[in-house]
Amino acid sequence: MSKIRGGDIRAAGIPDGPAMGVALSCIPRAVKHLGRDVALQRLAEIAAAPDRYTDDADFAPLAERLIADAREADRRFVERDAPAPYVNYCGDADPGALEQMRNSLRLPSAVRGALMPDAHRGYGLPIGGVLETEGTVIPYAVGVDIACRMKLSVLDVAPEALDEHGGRLKDALLKQTQFGTGAKLRKRADHAAMDDDRWALTPLARRLRDRAWEQLGTSGSGNHFVEFGLLTLPAPDLGLEAGRYVALLSHSGSRGAGAQIAGHYSKLARELRPELPKELSYLSWLDLDHDSGREYLALMRLMGEYASACHAVIHERVVGHLKAEVLAGVENHHNYAWTSERDGREVVVHRKGATPAAEGELGVIPGSMAAPGFVVRGKGRPESIDSASHGAGRRMSRKAATEQFNWQMVRPVLAERGVELLSAGIDENPFAYKDIEAVMAQQTDLVDVIGRFDPRIVRMADAGERPED
DNA sequence: ATGTCC
């Protein structure tokens, strides 16, 4: 007697998605009671008429799940009379980004939006898009790299160390950071985030835990970086005197685990909304009164803890290598959804490539490898939904940047800025980004700049094109 | 962003 597999369950009419997981968990007991063939036949009967099996000894949970899924799928998209309002802070937004922002405000649960000055086209919500909804969460309004975030540590290292090319700071980055899609640490790091109960919340999370642990403390590819730079504080702040400091800045997210969770739930959301017009498909939502939405939120928050842990390990390793002390720090998510209660309803603020900037809230907005980043304090401007840009924003696509630039063209600007680049892809070159000063000028209403960070020793994922080439 | 389509 062969085992019942996913394919058999699908063939019986149980769709992929959460119901499949429930079916799999019911099967062993059912096979013991009924035998393989009757169990399979019962699956087909339940798929056809789940409401007749809510008291079934073996398959009641499956029947309940199929009924709940059908109820959710019944809530069809209805075009609203007018889209919800949004405020545009981006002076040079490309038409594609504006269209994506406007489309997101057609969703039934959309309350309001805001477009940050670094906006550009993404999937679903544009990068630099902020969207407030009620009762729903939208995986593609958080983004593929769930909980992508910044962390800055100010160190008790003399600024002169930044001028020692080939010195100990470079050595720390080369020895203590790992980059690339599948990057792992040779010796597994440890962090309390790996003991979180939510790694057991769903079969997917359970499956992802081990690789996530291997990847704990690594950076990914693309725009992820770990760099040393000069932090200039014109006035006392962050508990520090005014002055010049060496600081460590990292940018990365939830690695493979977050990408898998994003992929899983955005696929599920799209499957649950087959009636959405094509241009809204990547804005498919999950309801917060359904398991799918609650699960996504719980796992998104777990990815928040995990991404934060990755940064913590990176900083611990690099700072430990230098035997230095951390004097102060600033960190923030910029791909995340924040929830709160309003009049008994759950409000969700999605920021996809946007820095939280509530009044007094600290954040880091990087420029590029050859342009300054800024430590900011939010002003809590309601029209911006308490947000600011998450960087300079791309000026051109990765493809265009790869076609138009080579390292020969980039090297002079790195030299001029005193930047030692250890590795990066050419599509991350500074010309591929908007002018950070112009972006900051568009958000003087949203944040106060309290410090300036000039990158000096930069490590990114090696795309096989070193600056020496 | 992601071992880049379970």
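Just so it is clear: chains get the letters A, B, ... in the order the sequence lines come, proteins before strands, and each one is counted from 1. What you are looking at is a predicted structure, and each value in this text was computed from that prediction instead of being measured.
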### Message
Using whole Å, what does the distance between atom P of nucleotide B:dC6 and atom CG of A:Asp8 come to?
### Response
20 Å

### Task
Return yes if a side-chain donor-acceptor contact under 3.5 Å exists between A:Thr355 and A:His390, otherwise no.
no

### Distance, rounded to the nearest Å, where A:Leu208 contributes CG and B:dT2 contributes C1'
12 Å

### Task
Take the angle between the ring planes of A:Tyr123 and A:Tyr282 and call it parallel below 30°, perpendicular above 60°, tilted in between.
tilted

### Summary
On DNA chain B, more 5' by nearest nucleotide between A:Gln260 and A:Ser219 is A:Ser219

### Message
Using whole Å, what does the distance between atom P of nucleotide B:dC5 and atom NE2 of A:His264 come to?
### Response
16 Å

### Distance in angstrom units between A:Asp145 CG and B:dT4 P, rounded
16 Å

### Task
Figure out the CZ/P separation between A:Arg5 and B:dC6, and round it to whole Å.
19 Å

### Query
How is A:Arg10 classified with respect to the nucleic acid when contacts are heavy atoms under 4.0 Å: base, sugar-phosphate, or nothing?
nothing

### Task
Select base, sugar-phosphate, or nothing to describe what A:Gly220 touches, counting heavy atoms under 4.0 Å on all strands.
sugar-phosphate

### Task
Among residues two or more places apart or on two chains, list those pairs meeting salt bridge (Lys or Arg N to Asp or Glu O under 4.0 Å) that have a residue in residues 137-148 of chain A.
none

### Task
With DNA chain B as reference, determine whether A:Arg207 or A:His251 sits nearer its 5' end, using the nearest nucleotide of each.
A:His251

### Nearest-Å distance for atom pair OH/P, residues A:Tyr123 and B:dT2
15 Å

### Message
Considering only residues two or more places apart or on different chains, which pairs with a residue in residues 114-137 of chain A satisfy salt bridge (Lys or Arg N to Asp or Glu O under 4.0 Å)?
### Response
A:Arg112-A:Glu132, A:Glu132-A:Arg342, A:Glu134-A:Arg342, A:Glu134-A:Arg345

### Message
Rounded to whole Å, how long is the line connecting atom CZ of A:Arg211 with atom C1' of B:dT4?
### Response
12 Å

### Task
Could you state the atom-to-atom distance from CD of A:Glu271 to C1' of B:dC6 in whole Å?
12 Å

